[in-house]
Amino acid sequence: MIKEYPWYDAPMIENLKHLIEYAAENYGNSPAFTFERKGEDITVDFIQLKNDIYALGTYFYSLGLKNGDKIAVIGENSYEWIVTYFAAVDGSNVIVPIDKELGATEVANLIKSCEAKAFVYAESKAKLIEEAKAMMPSVEYYVPMADFGDIISKGNEMIDSGNDAFEKNVIDENALCTLIYTSGTTGTPKGVMLCQRNLTYDMVHSCRTFLEPPGTVVVLPLHHTFGFMAGILCQIHRGFPVYINNNLRNVLSDIKKAKPAHICVVPLFVETFYKSLWKTVKKQKKDKMLKALIKISNVLRKVGIDLRKQLFQSVKNGFGGNLEMIIAGGAPLDLKYAKGFEDLGIAVINGYGITECSPIVSLDRNKKYKFGAAGIPVPGTQVQIYNPNEDGEGEIIVKGDHVMMGYYNNPEATEAAFVDGWFRTGDIGTMDSDGFVHITGRIKNIIILSNGKNVYPEEIETVVLQRVEGVNEIVVYGEDDVICAEIYTETPDEKDRIKKDVQELNATLPPMKQIKRISFRDTEFEKTTTKKIKRYTR
């Protein structure tokens with residue numbers, strides 16, 4: 001049994017407008033966001049953040065954007081994107097974050113679906129907007145982020161002239177505030193409706209679950225709920241500084257420059273960072289020495305002596321020198337990377353979430369975690385296993401104030417998503433005696449064999465990735481009543497060896513989980529912007 005300890009302190013926040021007011025009052029001139037603009041780093045404090053939000057919100061009001069109007073936003077991560085989000089929801093309008101990787105037709109379809117009245121866009125998306133305009137008749141106002149300097153000035157002028165409508169706006173915490181379209185890894189995107197109570201509840205209780213060290217680089221796309229919750233909302237609540245990465249090609253260079261104490265990423269980034277680390281060490285011909293130091297360190301830790309900070313500082317310098325924690329979510333995390341970083345003195349906090357739950361359902365704690373698990377339910381969250389089988393596996397269902405209002409204009413899908421008041425996540429898993437959630441797979445991906453047995457492909461994929469060298473990506477599926485696997489490897493000359501290793505692995509698996517057919521692909525699988533494989537495009 002893992003020892004219990006108190007939840008961390010995290011003041012309750014009523015709504016997202018209250019969050020901005022709370023941060024400005026309590027953190028004042030402390031840095032909130034830092035970002036690069038024309039080769040220069042710009043830092044904005046919490047008071048300026050509030051002022052810019054109020055100015056933009058007042059400008060939105062002057063356009064007549066009030067009473068739940070939908071304001072779409074698209075673009076790379078940026079300060080302007082963040083201000084747009086809060087200016088919309090703090091004015092009781094609805095923000096519709098759009099995936100920047102979508103094409104013009106896809107964007108237009110989402111806008112038509114929600115009937116957005118305004119569209120705020122980054123300069124990089126100007127061409128896309130022009131292509132999509134004719135297909136978006138509901139949009140009355142196009143607001144380029146490139147004009148934000150002038151727009152903020154206009155908003156401030158209105159405020160200085162006595163326009164206090166935005167400031168006096170009273171938030172209804174239970175009204176729709178954001179409409180988030182799911183990434184569609186297994187089908188057509190649905191519009192998830194969240195209210196301010198959903199978001200602030202999840203933010204506060206996630207902060208009560210674990211305490212991250214101050215200072216981060218926001219890497220994940222902000223239209224993604226995990227990226228926005230962990231990288232923006234929780235950081236504002238803590239009063240921690242955030243460096244905004246606006247291009248994934250610059251992630252490592254931004255991390256080295258910003259020197260964060262923690263970062264929030266999806267597991268693919270954890271794997272990439274770890275492989276990059278060892279590639280650099282090997283290139284320097286220091287890999288054997290590092291492996292020896294890790295062995296010595298692990299032996300010393302068993303007797304209560306922890307020298308990781310002293311032994312591996314040079315390794316941590318590759319991540320800016322201050323990195324203490326990596327928070328991973330959005331997909332299963334390979335144990336070897338979590339354990340590998342922990343060996344070097346960098347804790348890997350894992351969790352489980354889903355957009356419909358705002359998104360965080362469970363998290364590791366600083367002093368309560370298990371490799372291979374997805375944390376414990378955050379306080380106030382109820383988690384159960386629905387219709388478990390003989391092994392305790394079943395669908396994960398959730399109750400709590402962070403569970404969505406429903407799917408936009410889709411009552412049938414909303415009804416199907418709940419059972420007796422519990423949200424059906426569509427994920428298969430178990431809960432152990434210590435209360436930890438373990439994810440096995442997705443219901444939509446289950447392979448049902450002719451003998452009635454259910455096989456979860458993610459479970460097999462995880463085993464192969466952990467135990468067969470050279471497999472970079474894998475998708476397991478059923479065909480002709482047998483288990484098949486499609487593999488991508490960066491070392492194609494080792495295909496025969498990989499096949500042989502999979503055959504040897506089969507001997508350790510139950511017959512129904514053994515891979516009978518293997519095919520290889522020459523390119524990586526297509527992925528969402530949060531780096532999940534799009535299984536249906538296999």
Side-chain angles (χ1 to χ4, degrees), residues 31-36 41 76-79 82 203 206-207 209-278 280 308-309 312-313 315-334 337-353 359-360 363-366 369 374-375 529-532:
F33 295 103
T34 299
F35 50 94
E36 184 177 312
D41 277 347
E76 57 277 357
N77 290 358
S78 67
Y79 177 69
I82 296 164
M203 172 190 71
S206 297
C207 288
T209 304
F210 84 102
L211 179 62
E212 68 271 47
T216 191
V217 174
V218 62
V219 173
L220 296 176
L222 294 179
H223 75 269
H224 185 246
T225 44
F226 175 53
F228 194 76
M229 175 60 70
I232 304 299
L233 294 185
C234 289
Q235 304 312 304
I236 293 176
H237 188 246
R238 299 277 199 208
F240 290 170
V242 175
Y243 188 94
I244 302 171
N245 165 263
N246 62 9
N247 191 321
L248 292 181
R249 288 176 292 184
N250 302 330
V251 168
L252 277 175
S253 61
D254 281 353
I255 287 174
K256 289 178 182 178
K257 177 171 71 172
K259 306 181 188 306
H262 80 275
I263 51 175
C264 303
V265 294
V266 291
L268 183 61
F269 281 100
V270 180
E271 177 182 344
T272 302
F273 292 158
Y274 191 76
K275 287 180 177 178
S276 174
L277 183 160
W278 279 101
T280 300
R308 287 176 295 175
K309 190 171 183 179
F312 306 120
Q313 185 59 46
V315 175
K316 292 173 70 172
N317 287 341
F319 300 98
N322 297 326
L323 191 63
E324 299 176 26
M325 181 185 292
I326 298 174
I327 302 164
L333 176 66
D334 193 326
Y337 302 117
K339 181 65 170 63
F341 272 114
E342 190 202 40
D343 286 343
L344 298 170
I346 299 173
V348 178
I349 297 293
N350 199 16
Y352 164 66
I360 299 173
L363 279 173
D364 284 334
R365 301 205 67 197
N366 300 61
Y369 60 91
T529 51
T530 52
K531 306 305 176 185
K532 295 180 185 177

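Residue numbers start at 1 and run along the sequence shown.
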| task | Give the minimum heavy-atom separation between H237 and C207, together with the two atoms involved. | result | ND1-SG, 3.8 Å
| query | Should the pair Y337 and Y274 be assigned to parallel (<30°), tilted (30 to 60°) or perpendicular (>60°) ring geometry? | reply | perpendicular
| field | Separation between CG of N366 and CD1 of I349, rounded to the nearest 0.5 Å | value | 5.5 Å
| task | Check the pair I360, T209 against side-chain contact (heavy atoms from CB on, under 4.5 Å), reporting the backbone distance first and the verdict last. | result | CA-CA 11 Å; I360 299 173; T209 304; over 6 Å; no
| Donor-acceptor under 3.5 Å (N77 side chain, L220 main chain) | yes
| Taking side chain as C-beta onward, heavy atoms only, is T34 less than 4.5 Å from P241? | no
| remark: By ring-ring contact (aromatic ring centres under 6.0 Å, His included), F240 pairs with (sequence neighbours left out) none
| request: State the CG-OG1 distance between L233 and T225, to the nearest 0.5 angstrom. | output: 10.5 Å
| task | Spell out, as yes or no, whether a donor-acceptor pair under 3.5 Å connects the side chain of R308 to the backbone of E342. | result | yes
| field | Rounded distance [0.5 Å steps], CD1 in I82 versus CD1 in I236 | value | 7.0 Å
| task | Output, in order, the C-alpha distance, side-chain angles, deciding distance and verdict of side-chain contact (heavy atoms from CB on, under 4.5 Å) for L248 and F269. | result | CA-CA 10 Å; L248 292 181; F269 281 100; 3.7 Å; yes
| said: Would you say that L252 contacts F319 through its side chain, given a criterion of any heavy-atom pair below 4.5 Å between the two side chains? | reply: yes
| task | Check whether any side-chain heavy atom of V251 lies under 4.5 Å from a side-chain heavy atom of F273, and answer yes or no. | result | yes
| message | Within this structure, what is the CZ-CG distance for the pair F35 and N246, rounded to the nearest 0.5 Å? | response | 10.5 Å
| task | Write down the atom of D364, the atom of F210, and the distance for their closest heavy-atom approach. | result | O-CB, 3.8 Å
| Inter-residue atom distance N250.CG - N245.CG, 0.5 Å rounding | 6.5 Å
| message | Show the nearest heavy-atom pair for residues A374 and N350, with the distance to one decimal. | response | CA-ND2, 4.2 Å
| note | Output for pair (K316 NZ, N322 CG), nearest 0.5 Å, gives 7.5 Å
| query | Between H262 and M325, is there a donor-acceptor pair closer than 3.5 Å when you use the side chain of the first and the backbone of the second? | reply | no
| request: May I ask you to test the N247-E76 pair for a side-chain heavy-atom distance under 4.5 Å? | output: no
| query | Considering only heavy atoms from C-beta outward, does the side chain of P267 approach that of D334 to under 4.5 Å? | reply | no
| note | In terms of heavy-atom contacts, V265 and F226 come closest through O-CE2, 3.6 Å
| request: Might you point out which heavy atoms bring Q235 and A230 nearest each other, and give the distance in Å? | output: NE2-O, 2.9 Å
| field | Within-4.5 Å side-chain heavy-atom neighbours: Y243 and K259 | value | no
| request: Answer yes or no: is there a side-chain heavy-atom contact under 4.5 Å between F33 and I232? | output: yes
| Heavy-atom donor-acceptor pair, S276 side chain to T272 backbone, under 3.5 Å | no
| More than 12 heavy atoms of other groups within 6.0 Å of K256 NZ | no
| message | Between F312 and D343, does the side-chain contact (heavy atoms from CB on, under 4.5 Å) criterion hold? Intermediate values first, please. | response | CA-CA 9 Å; F312 306 120; D343 286 343; 6.0 Å; no
| note | Note: V242 and G231 closest approach over all heavy atoms is CG2-O, 3.6 Å
